[in-house]
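No hydrogens, no waters, no symmetry mates; every other heavy atom, side chains included, goes into these values.
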Amino acid sequence: MTQQTSTPNLHCIVIGNPIAHSQSPALHHAFATQTGVALRYQRQLCPVDEASFVAVVEAFFAGGGTGANVTVPFKQTAFDLVQARGTLSQAAQAARAVNTLAWQDGALYGDNTDGRGLVNHMRELGWDLAGQNVLILGAGGATRGVVWALLDAGVARIHIANRTPAKAQAIVTQFATDNVSNTLSANLSASGLFDLPQHTFDLVINATSSALTAEADASLPFDSQLRAAKAYDLMYGKPSQFLQFFAEHGAQTSDGLGMLIHQGALSFALWTGKDVNLVALGNPFAH
C-alpha cells in the first residue's frame, strides 16, 4: 500500500455500515473551523466483509487520504489489517480494535481513542478516577476499548459483568496474557450480571449493545440492589433507563456524547497536529 502526495486540503472519512447516521462529519468540521484547518470529512459506506474494507482503506490512502475513523462493524477488521501491515498504538493493542487510521512514515497506523475519550470526558465532568472501584456492564468491543484507559488512569479495580459470564472472563484473560497490559490485569475480575461480588461501586458504566430504553416497569438487566456514586452510559441520543435508575438512587450521571466528542478530538489531533479547545467549542452539533 502506497500513498500519493497529499493535497493542502485534508481529506478524512468515517467507514461503517450503517453510516448515514454518523455525526462524525459535523464533529470534525466543527474542529476544523475552530483550528483553521481546511478539511473535507465524509461518510463512507462499506459492504460488510473484510475484502471490501481492505479495498476501501487501500483506495483511500492511495488517493492521498489523511485519516479515517472506523465504526461498527469494522473495528476488529481494522485491527487485523494494521496488525498485518502497519503499526498499532498501545491503546489499540490493548483493545484489539482500531477506531482511527492514519498514514505515518510510509505505513498504516492504527489507534483506538475510545477509552482515552471516555477518561478525558470523565475528567472534564470532575469525576476523579484515581483509586475508584468500577463496574462495567457488558463484555463486547466497547468494554475492550475502555478497560485499558481506565486502568491507565489509575482506577483501583474493574469488575466486568455480562449476561454470558464467559465473555467477561475472556476479557480478563486477554488482559492477563497480553504483553501490553499484563501488569494491570490483577485489578480485573468478571461475573454474570446477577452474580456480582458486591452491590456498591464508585462508578458503573453501561457498555452493553442496548441503550436500555425499556419501559419503566420492565425488569432491569442488572441487580436492582446495585448502587454507584457515578453512572455513565456509553450510548447517547436516547432516553436511558440505566441512567434514570441510578439518578433516582442519587448518582451523578452522564451519557456518552462527551466521550464521542473527546475521542474525535484525539483522532483530529493525530491527523492534523491541532488540539481542539473543547471548552470554547461548546456543542459542536449546534454549529
Review point. Just wondering, do Met122 and Ile205 contact through their side chains at under 4.5 Å, heavy atoms?
Key: yes
Review point. Between Phe60 and Ile15, does a side-chain contact (heavy atoms from CB on, under 4.5 Å) hold up when you go through it step by step?
Key: CA-CA 11 Å; Phe60 174 70; Ile15 308 169; over 6 Å; no
**Study point:** Within 6.0 angstrom of Asp105 CG, more than 12 heavy atoms from elsewhere
**Key:** no
Exercise for review: Check whether the side chains of His11 and Gln42 place a donor and an acceptor atom closer than 3.5 Å, and report yes or no.
Suggested key: yes
Check your understanding: When Ile136 is tested against each of Asn206, Leu234, Leu150 for side chain to side chain contact (heavy atoms under 4.5 Å, CB included), which residue passes?
Key -> Leu150
Practice item. State, with a plain yes or no, whether a side-chain heavy atom of Phe194 is found less than 4.5 Å away from one of Leu226. Key: no
Practice item. Please test Leu39 against Thr66 for side-chain contact (heavy atoms from CB on, under 4.5 Å), starting from the C-alpha separation and ending with a verdict. Key: CA-CA 10 Å; Leu39 174 72; Thr66 304; 6.0 Å; no
**Study point:** Distance-only polar pair, side chains of Asp111 and Ser89, donor-acceptor under 3.5 Å
**Key:** yes
Check your understanding: Nearest 0.5 Å, what's the OG-CG distance between Ser254 and Asp233?
Key -> 9.0 Å
Check your understanding: Should the heavy atoms of other residues, nucleotides or ligands under 6.0 Å from CZ of Arg163 be counted, would the total exceed 12?
Key -> no
Study note, to complete from the structure: dist Leu27:CG -> Phe268:CZ (nearest 0.5 Å) comes out at 9.5 Å
Review point. Going hydrophobic residue to hydrophobic residue with side-chain gaps under 4.5 angstrom, can you get from Val14 over to Val72?
Key: no
Atom pairs and distances, donor-acceptor, side-chain atoms in residues 77-88, under 3.5 Å, two or more places apart:
from	atom 1	to	atom 2	distance (Å)
Asp80	OD1	Gln76	NE2	3.0
Arg85	NH1	Glu58	OE2	2.5
Arg85	NH2	Glu58	OE2	3.2

Review point. Do Ser240 and Gln244 come close enough that some side-chain heavy atom pair is under 4.5 Å?
Key: no
Exercise for review: Check whether any side-chain heavy atom of Asn69 lies under 4.5 Å from a side-chain heavy atom of His28, and answer yes or no.
Suggested key: yes
Check your understanding: Looking at side-chain heavy atoms only, is the closest gap between Gln252 and Leu125 below 4.5 Å?
Key -> no
Check your understanding: What do you reckon, is CD of Gln104 surrounded by more than 12 foreign heavy atoms closer than 6.0 Å?
Key -> yes
Check your understanding: What's the shortest heavy-atom distance between Ala91 and Trp148, and which atoms?
Key -> CB-CZ3, 3.8 Å
Exercise for review: Could you pull out the closest heavy-atom pair between Val147 and Phe175, with the gap in Å?
Suggested key: CG1-CZ, 3.6 Å
Review point. Do the side chains of Thr208 and Phe242 get nearer than 4.5 Å, heavy atoms only?
Key: no
Review point. Within the side chain of Gln34, is there an N or O that forms a donor-acceptor pair under 3.5 Å with the backbone of Asn277?
Key: yes
Exercise for review: Look up atom NE2 in His29 and atom SG in Cys12, then write down how far apart they are to the nearest 0.5 Å.
Suggested key: 8.5 Å
**Study point:** Under 3.5 Å donor-acceptor, Trp271 side chain and Trp103 backbone
**Key:** no
Check your understanding: For the hydrophobic clusters of this structure (ILVMFWY residues joined by side-chain heavy atoms under 4.5 Å, transitively), does one cluster hold both Leu266 and Tyr109?
Key -> no
Practice item. Please round to the nearest 0.5 Å and tell me the distance separating atom CD of Gln198 and atom CG of Leu135. Key: 8.5 Å
Revision key, fill the gap. For Tyr236 and Leu260, the nearest pair of non-hydrogen atoms, with its separation, is OH-CD2, 3.3 Å
Practice item. Would you check if the distance from the ring center of Tyr41 to the ring center of Phe31 is below 6.0 Å? Key: no
Check your understanding: When you measure from the side chain of Asn17 to the backbone N and O of Cys46, does any donor-acceptor pair fall under 3.5 Å?
Key -> yes
Exercise for review: Verify, without hydrogens or angle tests, whether His121 (side chain) and Gly256 (backbone) share a donor-acceptor contact under 3.5 angstrom.
Suggested key: no
Review point. Between Val70 and Leu101, is a side-chain contact (heavy atoms from CB on, under 4.5 Å) present by the stated rule, with each step listed?
Key: CA-CA 8 Å; Val70 180; Leu101 295 169; 3.9 Å; yes
Review point. What are the two closest non-hydrogen atoms of Thr100 and Val98, and how far apart are they?
Key: O-CG1, 3.4 Å
Revision key, fill the gap. dist His159:NE2 -> Leu137:CG (nearest 0.5 Å) comes out at 9.5 Å
Point to revise | Side chain proximity check, Pro25 to Arg43, heavy atoms < 4.5 angstrom | key: yes
Exercise for review: Could you go through the side-chain contact (heavy atoms from CB on, under 4.5 Å) check for Thr35 and Thr272 one step at a time?
Suggested key: CA-CA 10 Å; Thr35 57; Thr272 67; 5.7 Å; no
Check your understanding: Between the main-chain N or O of Lys167 and the side-chain N or O of Asn162, is there a donor-acceptor pair closer than 3.5 Å?
Key -> no
Point to revise | Min side-chain heavy-atom separation Asp114-Lys75 under 4.5 Å | key: yes
**Study point:** Asp255 side chain to Met235 backbone, donor-acceptor under 3.5 Å
**Key:** no
Check your understanding: Looking at CD of Gln132 and CH2 of Trp127, how far apart are the two atoms once the value is rounded to the nearest 0.5 Å?
Key -> 10.5 Å
Check your understanding: Between Asn133 and Phe201, which heavy-atom pair has the shortest distance, and what is it?
Key -> O-CB, 3.6 Å
Revision key, fill the gap. In terms of heavy-atom contacts, Ser267 and Thr113 come closest through OG-OG1, 3.6 Å
